[in-house]
Colleague: 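Okay, handing you the structure first.
We name chains A, B, ... by the order of the sequence lines, and we start the count at 1 in each one.
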Amino acid sequence: MTPAFGKRVHGEIEGSPGSIREEVLAIVSSIPRGKVVNYGWISRMMNSRISPLAVGWMLHRCPEGVPWHRVVNASGRCSTDRTGDIPQGLQRAMLEGEGVDFRLDGSLDLEVFLWDPDDE
DNA sequence: ACATTGACTTGTT
DNA sequence: CAACAAGCCAATG
């Protein structure tokens with residue numbers, strides 16, 4: 001019977017093996033504590049199979065356990081502050097709790113905190 | 001199935 | 001340095 005690989009995305013399963021969504025979530029979950037990546041970085045890591053915008057969409061409705069706060073924009077700023085779904089400053093607070101230091105202008109140093117898998 | 005939106009990025013003016 | 005435009009893909013109504 002058709003396994004209906006399905007998009008039961010509503011809550012819990014979302015388990016389509018090989019799905020773009022799952023790959024993105026896997027990457028985000030792989031970000032080590034105290035490091036961050038930007039949306040375009042994920043897009044590149046997946047060989048541009050997904051656009052940075054789409055990454056943001058997935059993270060917007062991502063399941064628990066995914067460290068979405070470790071994903072920032074290319075400017076090293078917390079894009080979550082632009083939304084109303086997430087309290088402003090929350091992402092920054094969470095990152096600071098992991099040892100990520102922010103500058104006075106509210107941005108973080110990507111040269112230092114950007115995750116480089118080769119450096120691990 | 002179509003139109004709109006959105007936690008983006010890069011390049012041009 | 002700031003504003004604008006285009007490319008981009010998935011989710012939502």
Colleague: Quick one: are A:Phe113 and A:Glu98 in side-chain contact, heavy atoms under 4.5 Å?
Modeller: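 Side chain of A:Phe113 against side chain of A:Glu98, heavy atoms only: no contact under 4.5 Å found.
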
Colleague: OP1 or OP2 of B:dC8 sitting under 4.0 Å from any side-chain N/O of A:Ser51?
Modeller: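 So the side-chain polar atoms of A:Ser51 never come under 4.0 Å of the phosphate oxygens OP1 or OP2 of B:dC8.
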
Colleague: Mind calculating the distance between CZ (A:Arg82) and P (B:dT5) to the nearest angstrom?
Modeller: 13 Å

Colleague: Give the rounded distance in Å between these two atoms: CD1 of A:Ile42 and C1' of C:dC8.
Modeller: 15 Å

Colleague: Between A:Arg49 and A:Glu23, does at least one N-O distance fall below 4.0 Å, as a salt bridge requires?
Modeller: yes

Colleague: Nearest of B:dA7, C:dA11, B:dT10 to any side-chain atom of A:Ala74?
Modeller: B:dT10

Colleague: Same cluster or not: are A:Met58 and A:Ile27 linked, directly or through other Ile, Leu, Val, Met, Phe, Trp or Tyr residues, by side-chain heavy atoms under 4.5 angstrom apart?
Modeller: yes

Colleague: Looking only at side-chain N and O atoms, does A:Arg77 come under 4.0 Å of OP1 or OP2 in B:dC8?
Modeller: no

Colleague: What is the separation between atom CZ on A:Arg49 and atom C1' on C:dA10, rounded to the nearest whole Å?
Modeller: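 Roughly 15 Å, once rounded to whole Å.
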
Colleague: At 4.0 Å (heavy atoms only), tell me whether A:Asp85 reaches a base, stays on the sugar-phosphate, or touches nothing.
Modeller: nothing

Colleague: What integer distance in Å separates A:Tyr39:OH from B:dT10:C1'?
Modeller: 17 Å

Colleague: Starting from P on C:dA6, measure out to CG on A:Leu53 and report it in whole angstrom.
Modeller: 16 Å

Colleague: Does a sphere of radius 6.0 Å around CD in A:Glu111 hold more than 12 heavy atoms from other residues, nucleotides or ligands, not counting ones at 6.0 Å or beyond?
Modeller: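 For A:Glu111, atom CD is not crowded (no more than 12 foreign heavy atoms under 6.0 Å).
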
Colleague: Within this structure, what is the CG-to-P distance between A:Leu114 and B:dT9, rounded to whole angstrom?
Modeller: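 Between P of B:dT9 and CG of A:Leu114: 11 Å.
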
Colleague: Taking the side chain of A:Ile20 as its heavy atoms from C-beta onward, which of C:dA10, B:dG6, B:dA7 lies nearest to it?
Modeller: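 Output: C:dA10.
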
Colleague: Among B:dT9, C:dA11, B:dC8, find the nucleotide with the atom closest to the side chain of A:Asn38.
Modeller: B:dT9

Colleague: Identify, between A:Ala54 and A:Asn73, the residue whose nearest nucleotide on DNA chain B lies closer to the 5' end.
Modeller: A:Ala54

Colleague: Would you indicate, yes or no, if B:dA7 has its OP1 or OP2 atom less than 4.0 angstrom from a side-chain nitrogen or oxygen of A:His60?
Modeller: yes

Colleague: Which value, in whole Å, describes the distance between the P atoms of nucleotides C:dG7 and B:dA7?
Modeller: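 Pairwise P distance, C:dG7 against B:dA7, rounds to 22 Å.
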
Colleague: Between A:Arg44 and B:dT9, is there a side-chain N or O to OP1/OP2 distance below 4.0 Å?
Modeller: no

Colleague: Calculate the interatomic distance between A:Met58 atom CE and B:dA7 atom P; express it in whole Å.
Modeller: 15 Å

Colleague: Contact between A:His60 and A:Asp85 at the side-chain level, heavy atoms closer than 4.5 Å - yes or no?
Modeller: yes

Colleague: Just the rounded figure in Å: distance from P of C:dC8 to CD1 of A:Ile50.
Modeller: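 The answer, rounded to whole Å, is 14 Å.
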
Colleague: Which nucleotide sits closest to the side chain of A:Thr83: C:dC8, C:dA10, B:dA7?
Modeller: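 Closest nucleotide among those given: B:dA7.
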
